[in-house]
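Notes follow once the structure below has been shown.
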Amino acid sequence: MDKIKGTVLRVFAKDVNTDEIISGKYKYDELDIKKLAFHTFEAIDSKFYEDAKKVKNPILIASENFGCGSSREQAPWVIKACNVSCIVADSFARIFYRNGFNIGLPLVECKDISKNVSQGDELEIDFSAGIIKNLTKNETYKFKPIPEFMQKLLDAGGLMPYLLKNNGFGE
Amino acid sequence: MSKTMAEKVLSKKSGTDVFAGDLIIAPVDLVFAHDGTMPLAIQQMGSGLSKQSVFDPNRVVGVCDHASPSPSEKVSNVHSFMRKFAVENNLQFFENGDGICHQIVVERFAAPWKVIIGADSHTCTHGALGAFATGMGSTDVAAIMVYGKTWLKVPESFKVEITGQLPEHVHSKDVILHVIGEITADGATYMSMEFLGDAVDRMSLASRLTMCNMAIEAGAKAGMCQADEKAREFLESHGRGKEYAPLAPDKGATYADEITVEAEKIEPMVAFPHKVDNVAPVTQFEDVELDQVCVGTCTNGRIEDLRVAAQILKGKRTAEGTRLVVYPASRGVLLQAIKEGIIETFLQAGASIGAPGCGFCIGRTVALGDGEVALSTQNRNFKGRMGNDNAEIYLCSPATAAASTITGHITDPRGA
Ligand code: SF4
């Protein structure tokens, strides 16, 4: 994975938790992620699912600690199922961050991104160079490139395809 | 070079000297998941790895606890899916009513120096016994179920030094709420919180479990306590004395951050809606009227917690208009509570008692109504957590919960 070009669909505040991304009340009933995705961000942003369809390659921006709370992998899955191409946040909660790479959803930690970017901005993200270009505002932001192992996960499309390709964890 | 507890356990497991920041492939001693996460892990195994068999059935645990006993057709179908997999693979499988996954793992499987991975964020609980335990998602867990290994970044450590004597009616729950209030919800992100100091040495294992359980609420990857005599006694009382081995950090180990807590100064604390790091002393909330008080969960549903609540409730009744709900953390806890007359005390006080499991915690078998206010011994007060986006949740210790049940509003247990 080298570059992604897309439009900022939302700029979220600090501490968005996994209950807000997908409420625990749904995840025991529904095993079909596509159906579950209908409820993405429902509690804090009822138009999210519909709006996500209107934008090409939606990118989400968030302040600190995005995805805190439970380990539910349904959270990154439903976001991916809404066609989100990448999430850029000031920082992520640990389990969410790991889950993102495991399912092949690129996540970028970039300090102060939530202050610099607005909804509707066009961004171009270069993963290996660690650069985000804001085409609307004509600005550039730098981030620490993703560690090699995690880059491999993204290239493979997630942990499962990576394990299949390498016949396990190797060593 | 001196090591933290996390570095020691992960060095031993990976067979090399590792320090914070190193990426390792580690063998996993125990992997578990529940009805909210295991079905997705099973699907991942099937669709991603085309494998439906586990590496070692004795090291894989499945528990139906989150929506248990099943409240709906759909959940029952999910349970059936999971049960079928468990039977086919001969897993360690626990049914509706056996208890919360973490309590089952603590009672039967957790031990010092083990690497324990659960598909649940509160897996950090098990560090109270000196294990390196952390929560992961279903894909990770699927990979572990097949290969018995996982990739881990050795975390930096955050030292939480707790000194002195806790005042009466002040518990480890108040300490951890205080700490989270101080360092905030992302104060220990990616770190191992290591709880040290003479106050921790004196704490029961139950009290340590409560603190490690909530390490994730400060963003931590793991929570850890030393494996000492208390850990040995606990393992012995559960027939697993042989699994004991001492664990302590090396002198001079490097901590990325630290905080010291003087136990004498801690008051009963409350986390107010809708964030766990919204913390203040109980005395600031005494006018908050309560529709429901909840005692239980993997944070505070152990026998020690029920004892504390029952002692305050003995001979008293819940206030008119306030409901009390009690969910023991496991079948063993419920049995012991029955033997000690604790369940009788709760019932006479007007409580409804639920089957051991997560119960009210995520609103799956007990939900709040619109505009209702609950006070709970659980670990999270996020919006919608108890099944209703228009309800408010306050968090506290079992002592504060019991005292508040009697008055019907949030109440300082030091007067009870
Ligand atoms: S009791 Fe609550 S926090 Fe603990 S495992 Fe169950 S749902 Fe999660």
Side-chain angles (χ1 to χ4, degrees), chain A residues 14-20 22-33 36 42-44 46 64-66 68-77 90-104 147-150 153 157-164 167-171, chain B residues 23 25 35-37 39-41 43-45 47-50 66-67 70 72 74-75 78 81 118-123 134-140 142-143 146-147 149-151 153 155 184-186 189-190 216-217 219-221 274-275 277 362-364 367 380 382-385 387-389:
Chain A
K14 195 173 183 271
D15 294 336
V16 170
N17 66 58
T18 50
D19 279 72
E20 289 167 340
I22 182 72
S23 171
K25 70 183 167 196
Y26 298 119
K27 71 166 176 171
Y28 306 97
D29 295 357
E30 190 52 74
L31 292 177
D32 184 341
I33 295 291
L36 206 56
E42 189 177 76
I44 55 168
S46 59
E64 289 150 9
N65 205 22
F66 185 84
C68 64
S70 85
S71 67
R72 73 191 60 160
E73 200 171 290
Q74 286 91 342
W77 274 117
D90 290 6
S91 68
F92 289 93
R94 188 193 70 81
I95 302 178
F96 186 90
Y97 189 69
R98 186 178 173 106
N99 284 344
F101 287 89
N102 279 340
I103 69 160
E148 195 193 325
F149 179 74
M150 298 167 93
L153 290 182
L159 181 64
M160 288 301 168
Y162 173 87
L163 291 172
L164 266 188
N167 200 16
F169 283 97
E171 261 164 307
Chain B
L23 198 84
I25 306 289
D35 48 349
T37 52
L40 190 54
Q43 283 179 329
Q44 286 293 310
M45 284 171 75
S47 64
L49 299 172
S50 326
H66 274 57
S70 166
S72 74
K74 279 187 164 176
V75 172
V78 170
F81 174 68
D120 187 278
S121 61
H122 293 103
T123 304
T134 190
M136 292 186 185
S138 299
T139 297
D140 272 312
V146 173
Y147 296 106
K149 287 181 190 162
T150 195
W151 63 278
K153 199 164 133 199
T184 78
D186 59 355
T189 299
Y190 301 111
I216 180 73
E217 309 309 332
K221 180 170 189 157
H274 298 284
K275 287 184 178 181
D277 59 359
I362 37 158
R364 218 49 198 79
R380 286 201 177 122
F382 298 158
K383 198 173 183 190
R385 177 76 179 174
N388 190 320
D389 295 340

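The structure displayed is predicted, hence computed values, not measured ones. Lettering of chains follows the sequences in order, A, B, ..., and the numbering in each one begins at 1.
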task: Look at atom CG of Asp32(A) and say whether more than 12 heavy atoms of other residues, nucleotides or ligands are closer to it than 6.0 Å.
output: yes

Atom [atom1] of [X] and atom [atom2] of [Y]: how far apart are they, to the nearest 0.5 Å?
{"X": "Ser121(B)", "Y": "Arg72(A)", "atom1": "OG", "atom2": "CZ", "value": "8.5 Å"}
{"X": "Lys149(B)", "Y": "Leu163(A)", "atom1": "NZ", "atom2": "CG", "value": "11.0 Å"}
{"X": "Ile362(B)", "Y": "Asp19(A)", "atom1": "CD1", "atom2": "CG", "value": "9.0 Å"}

Quick check against the 3.5 Å criterion: does [X] have a side-chain atom that pairs as donor or acceptor with the backbone of [Y]?
{"X": "Glu73(A)", "Y": "Thr139(B)", "result": "yes"}
{"X": "Arg94(A)", "Y": "Gly135(B)", "result": "yes"}
{"X": "Arg380(B)", "Y": "Gly69(A)", "result": "yes"}

Interchain contact, [X] with chain A, by part (heavy-atom threshold 4.5 Å):
{"X": "Gln43(B)", "value": "side chain"}
{"X": "Thr184(B)", "value": "neither"}
{"X": "Ala41(B)", "value": "neither"}
{"X": "Ser138(B)", "value": "both"}
{"X": "Tyr190(B)", "value": "both"}

Indicate the atoms forming the closest heavy-atom contact of [X] with [Y], along with that distance.
{"X": "Lys275(B)", "Y": "Lys14(A)", "result": "NZ-O, 4.2 Å"}
{"X": "Thr37(B)", "Y": "Ser71(A)", "result": "CG2-OG, 4.4 Å"}
{"X": "Ala43(A)", "Y": "Asp389(B)", "result": "CB-OD2, 3.5 Å"}
{"X": "Phe92(A)", "Y": "Thr189(B)", "result": "O-CG2, 3.8 Å"}
{"X": "Gly137(B)", "Y": "Ile95(A)", "result": "N-CG2, 4.3 Å"}

Contacting moiety of Phe96(A), where chain B heavy atoms sit under 4.5 Å: neither

field: Contacts of Leu23(B) that satisfy side-chain contact (heavy atoms from CB on, under 4.5 Å) - sequence neighbours left out
entry: Phe149(A), Trp151(B), Lys153(B)

message: List the residues meeting side-chain hydrogen bond (donor to acceptor under 3.5 Å, both in side chains) with Asp277(B), not counting sequence neighbours, and say none if there are none.
response: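 For Asp277(B), no residue satisfies side-chain hydrogen bond (donor to acceptor under 3.5 Å, both in side chains) once neighbours in sequence are set aside.
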
field: Options Gly363(B), Gly219(B), Ala143(B), ranked by heavy-atom pairs under 4.5 Å with chain A, top entry
entry: Ala143(B)

Evaluation steps, side chain to side chain contact (heavy atoms under 4.5 Å, CB included), between Leu49(B) and Met160(A): CA-CA 6 Å; Leu49(B) 299 172; Met160(A) 288 301 168; 3.3 Å; yes

query: For chain B, which of Leu159(A), Asn17(A), Asn99(A) has the most heavy-atom pairs under 4.5 Å?
result: Asn17(A)

